[in-house]
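See below for the structure under consideration.
The figures here come from the full heavy-atom set of this structure, side chains too, leaving out hydrogens, waters and symmetry mates. Proteins get letters first, then strands, A, B, ... in listed order; numbering begins at 1 in each.
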Amino acid sequence: MELVERLLRGDKRAAAKAISILEDYDKKAADVLGAIYPHTGKAHIIGITGPTGTGKSTLVFALAKEFRKRDKKVGIIAIDPTSPFTGGALLGDRIRMGSLTLDEGVFIRSMGTRGHAGGTSRATADVIKVLDAMGMQKIFAETAGAGQSEVDIARIAHTSIVVEMPGLGDDIQAMKAGILEIGDILVVNKADLDGVDSTLANLSLVVDREKPSGWKPRTQLTVATEDKGITDLADLIEEHYDFLKQSGTLETEGVERAKEELRAALSHHLFLRVFERPELIGEFNNLVQMVAKKEMDPHSAAEKLLGLAGIA
Amino acid sequence: MAKLRVLVAKPGLDGHDRGAKVVARALRDAGVEVIYTGLHQTPEQIVEAAIQEDVDAIGLSCLSGAHMTLFKTVMDILKEKGIDDIVVTCGGIIPDEDVTKLKEMGIAAVFGPGTPLQTIVDFHRKIAGK
Amino acid sequence: MPEEGDIKEIAKRKREWEGSTLKRSLDALPERRKAFTTTSSAPIDRLYTPDDTPDFDYFKKLGLPGEYPFTRGVHPTLYRSKLWTMRMFSGFGTAEETNARYKYLLEHGETGLSVAFDFPTLYGYDTDHTMARGEFGKCGVAISSLKDMEILFGGIPLDKISTSMTINGPAPVVWAMYIVAAERQGIPSTKIRGTIQNDILKEYIAQKSYIFPPEPSMRLIVDTFEFGSKEVPLWNTVSISGYHIREAGSTAVQELAFTLADGFEYVRAAKERGLDVDEFAPRLSFFFNAHNDLFEEIAKYRAARRIWARELKETFGAKNPRSWWMRFHTQTAGCALTAQQPENNIVRVAIQAIAAVLGGTQSLHTNSMDEAYAVPSAKAVKIALRTQQIIAHESGVANTIDPLGGSYFVEYLTDRMEEEAYEYFDKIEKLGGVIPALEKGFFQREIARAAYRYQKETDDKERIIVGVNEFVEKKPIKIALIDMDPEGERKHLERLNRLKKERDQKETERSLDRLKKAAEGEENVMPFILDCVRAHATLGETCGVLREVFGEYREPIIY
């Protein structure tokens with residue numbers, strides 16, 4: 001494919017078009033993915049997550065500048081929520097990153113969560129592959145707010161960073177349940193505000209717990225707006241990456257990740273088998289009515305659809 | 001299904017972002033993915049952002065009177081890069097005689113003060129239909 | 001106002017009226033709309049009676065003009081002694097062109113000057129900066145150096161006229177240029193009168209022409225307070241502005257509340273520096289918008305005066321009655337001007353101006369009919385000035401003080417806006433104060449929501465705007481717009497380059513170095529900026545030094 005050839009040479013416009021194809025999952029998507037897949041697996045993927053208002057975009061901006069100084073090409077994917085009611089989204093993370101736009105070695109893409117047809121994780125993983133294939137070496141995937149997408153990102157990323165700030169209090173309590181635990185590095189941004197000590201104390205509960213890989217989560221204070229703590233954080237990111245490589249975790253997790261990807265792809269394709277066919281969409285809607293009226297259970301309805309699609 | 005993506009951009013120094021934000025929100029509510037660049041963007045940054053975001057349209061807003069220079073530069077860069085699949089529209093404080101010139105430059109629509117949001121939404125829906 | 005017993009009787013009779021006289025009328029002829037609202041979408045009842053302000057206490061709520069709480073005005077005679085200052089905000093192109101416009105306006109009866117700067121100047125850039133591309137002289141005059149400032153006021157005696165300058169981020173530098181320009185006319189800083197807007201908080205909130213982050217910006221502002229109270233005693237060192245908040249789409253109450261909250265923040269910052277509130281508070285001035293809704297606007301000005309007086313006296317402990325005065329400038333709403341049928345704007349502006357006068361403004365700018373297209377032509381600006389003169393001399397509204405005081409409706413509205421303003425003060429307090437609230441995007445979000453609602457209501461014709469969504473004419477009406485000197489930018493740049501060649505470069509650099517050290521330390525920077533100006537450092541160079549020391553502000557992401 002000409003498009004893929006161009007993107008492999010680092011052509012940003014081609015990469016951008018390929019991303020749209022994968023995001024929209026149009027007819028060419030499978031071909032694009034197939035063509036770029038052999039060229040992926042070189043990049044270090046870093047997930048950044050945490051509550052809104054903690055300054056994630058600013059942190060990514062600061063880290064991107066730092067890795068540019070270290071001569072790494074940087075890809076950034078900024079994910080913001082899509083409205084479940086209108087399907088629209090306001091994607092504003094570029095506001096923070098304006099001055100990187102013209103940097104040859106940086107590619108930034110904003111994405112809506114588009115909470116339908118396969119979910120965020122599929123599209124995000126695919127888009128990361130494009131950035132990987134075009135030669136980006138450090139790829140940041142930043143997710144907004146709270147929700148499932150954070151956990152999804154942890155499955156895709158090699159290094160997961162959870163961003164906190166002083167004074168969040170209750171939010172931290174709520175987060176403890178899941179999101180904090182995915183963090184390989186816990187960042188307390190806006191560390192010039194009061195209450196850093198109590199935030200760190202809260203985090204220590206998580207930090208003390210070793211991950212299955214043997215990595216002990218670390219904390220880092222930053223003031224991203226003033227580039228404070230950014231060099232140390234970048235060092236920490238590299239340290240974690242080195243650990244993954246040396247301990248063999250990168251490889252073992254790679255197999256896990258492949259399994260996840262295959263699972264996601266499988267369910268997406270099963271889904272498409274049904275929804276690509278207009279007559280089956282009609283049948284789907286009939287079955288929805290029946291399930292709603294309790295005339296059929298959802299599992300039997302799914303079996304029936306798969307049968308009609310010629311799968312079961 | 002292909003999702004319509006629109007870049008809303010404010011070139012130059014003008015900080016009046018009321019209109020840009022209202023339009024961004026109206027497009028969002030109409031199901032569009034709107035990428036907002038924020039203030040103080042150069043024409044070069046706007047075009048590059050449009051490329052990386054692979055948008056279908058760019059909406060430029062400027063109320064300072066610098067539109068003839070700034071919008072023209074955006075159009076020139078697009079032409080120079082051979083980009084002809086992005087529709088450009090604009091709004092702001094723009095005298096009638098400039099509207100004609102802007103259209104000659106290739107700007108598809110000028111949404112002046114008082115334009116109903118629905119007009120802007122409908123215009124973009126038409127792009128999506130193409 | 002009536003006694004308590006009377007109020008009960010009025011309420012009772014009103015209920016009876018609703019069941020009888022009113023009901024019969026509504027049955028025969030229903031009202032035009034389900035709900036009536038102000039321009040800010042606040043609900044308005046059919047009729048107001050004393051029942052709507054049951055705890056009305058004349059002296060607590062209104063007092064007498066020139067006396068606490070100043071609801072009826074800060075001057076005991078208001079416009080009977082001295083009319084408001086007719087001050088037309090203007091500037092475009094080169095300093096020469098704007099100087100000619102000032103003389104034209106003064107010749108036609110303008111009584112104060114008001115400078116509009118172009119965007120590069122507002123951001124502290126010289127015209128040769130890359131970000132200045134296309135902006136030269138477009139929405140104001142370009143001032144890059146002392147030389148430009150001297151040309152701007154050439155032939156205008158700066159001890160005879162007061163000048164207001166809409167400048168914020170670079171305010172200390174531009175003010176210094178004015179002080180030195182006066183100095184070189186032989187007029188000492190103690191004799192000059194005027195205002196610098198110098199209100200950075202509303203820039204973060206609404207207009208977005210900020211340069212530095214909040215902390216150093218507040219320091220610069222307090223530096224000007226301190227310097228002004230000693231060296232430029234007749235100067236208003238800040239004009240705390242709601243105008244731009246309103247233009248960004250806020251409601252009238254938001255304009256009122258956010259502006260006053262900003263004002264309290266400046267008072268707090270200056271007190272923290274150790275300044276005596278009675279030293280600087282009399283030099284604080286305000287600037288409000290006059291939008292379309294006559295009564296809502298009048299109530300806003302009255303509520304503003306009352307709240308300010310109370311807070312300065314009771315919360316901030318000011319003892320000098322002058323500190324309690326809220327003096328304000330008004331400009332008619334630019335965002336209410338329509339590009340459609342632009343002549344209609346003359347009428348809108350007249351109504352808005354009447355609101356400002358009935359609200360007791362100290363000075364007034366009236367917009368020109370063509371400003372939805374460009375900066376105004378000489379003809380359009382003259383009509384706008386004449387509008388003020390007609391209101392002053394023909395309409396009779398300037399003959400008595402606060403003529404709407406005691407109107408059941410206006411007193412009710414004044415009370416309600418005051419109450420709603422206090423609700424906002426509480427919210428801001430809970431967010432940690434003005435600066436934390438703006439960093440969290442509180443104001444920006446509130447304003448963006450109101451702006452969106454306004455547009456939606458207009459689109460849905462819940463609000464009628466003549467010529468825009470009703471009484472529309474297909475054929476556009478042409479009006480003649482301003483002609484600017486096409487060679488202006490070239491001439492300006494030539495002057496700038498010549499200045500850089502001819503000045504004593506070593507002295508310029510020395511002055512900039514000294515400013516840098518002062519900015520890094522804690523000294524008041526004003527004397528150092530004045531030295532830079534005297535050494536012909538440009539606006540961009542001087543602000544550049546401050547940018548280097550203070551950094552630049554980046555806005556939070558808010559829709």
Side-chain angles (χ1 to χ4, degrees), chain A residues 3 7 11-29 57 75-104 106-114 116-117 123 127 130-131 134 136 275, chain B residues 1-13 15 17 20-56 58-59 74 77-78 80-86 117 120-121 124-125 128:
Chain A
L3 187 75
L7 91 81
D11 181 324
K12 289 184 180 175
R13 214 172 146 205
K17 294 269 177 219
I19 290 173
S20 296
I21 289 170
L22 296 177
E23 257 202 298
D24 295 335
Y25 212 78
D26 83 2
K27 288 189 203 92
K28 286 176 250 160
S57 299
I76 298 170
I77 298 171
I79 306 160
D80 275 324
T82 295
S83 159
F85 304 109
T86 65
L90 269 174
L91 312 174
D93 290 301
R94 292 196 86 93
I95 293 176
R96 281 274 168 263
M97 303 174 189
S99 63
L100 281 176
T101 303
L102 295 175
D103 185 330
E104 276 295 313
V106 175
F107 186 98
I108 306 170
R109 179 69 171 227
S110 315
M111 286 176 68
T113 49
R114 300 195 190 177
H116 59 82
V127 171
V130 174
L131 299 187
M134 77 182 288
M136 296 297 155
F275 284 88
Chain B
M1 227 263 298
K3 186 125 212 129
L4 191 68
R5 288 166 66 87
V6 177
L7 187 82
V8 174
K10 282 208 55 83
L13 289 171
D17 55 4
K21 284 182 172 177
V22 167
V23 168
R25 189 166 159 195
L27 289 172
R28 193 267 313 258
D29 288 352
V32 175
E33 275 185 2
V34 181
I35 295 108
Y36 181 52
T37 62
L39 301 172
H40 309 155
Q41 300 296 296
T42 63
E44 291 79 4
Q45 286 173 324
I46 291 168
V47 172
E48 187 56 34
I51 290 173
Q52 293 181 16
E53 298 291 353
D54 189 35
V55 293
D56 304 281
I58 301 174
V74 169
I77 300 171
L78 283 170
E80 196 184 293
K81 292 190 181 262
I83 297 169
D84 55 7
D85 59 349
I86 299 178
L117 293 173
I120 299 174
V121 167
H124 286 89
R125 286 221 168 103

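Evaluation of the side-chain hydrogen bond (donor to acceptor under 3.5 Å, both in side chains) rule for Thr86(A) yields Ser83(A) as partners, not counting sequence neighbours. Remark: Lys17(A) pairs with Asp54(B), Asp85(B) by the side-chain hydrogen bond (donor to acceptor under 3.5 Å, both in side chains) rule, at least two apart or across chains.
A salt bridge links Arg114(A) and Asp24(A); the closest N-O separation between the charged side-chain nitrogens and carboxylate oxygens is under 4.0 Å.
Ile83(B) touches chain A through backbone and side chain together, each having a heavy atom under 4.5 Å away.
When the candidates Val6(B), Val32(B), Leu4(B) are compared by the number of heavy-atom contacts under 4.5 Å with chain A, Val32(B) comes out ahead. Between chain B and the residues Met97(A), Arg13(A), Arg96(A), the largest count of heavy-atom pairs under 4.5 Å involves Arg13(A). For the options Val47(B), Thr37(B), Val8(B), heavy-atom pairs under 4.5 Å to chain A are most numerous at Thr37(B).
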Check your understanding: Would Glu53(B) and Arg5(B) satisfy salt bridge (charged side-chain N to carboxylate O under 4.0 Å, His left out), going step by step from the backbone distance to the final call?
Key -> CA-CA 8 Å; Glu53(B) 298 291 353; Arg5(B) 288 166 66 87; 2.7 Å; yes
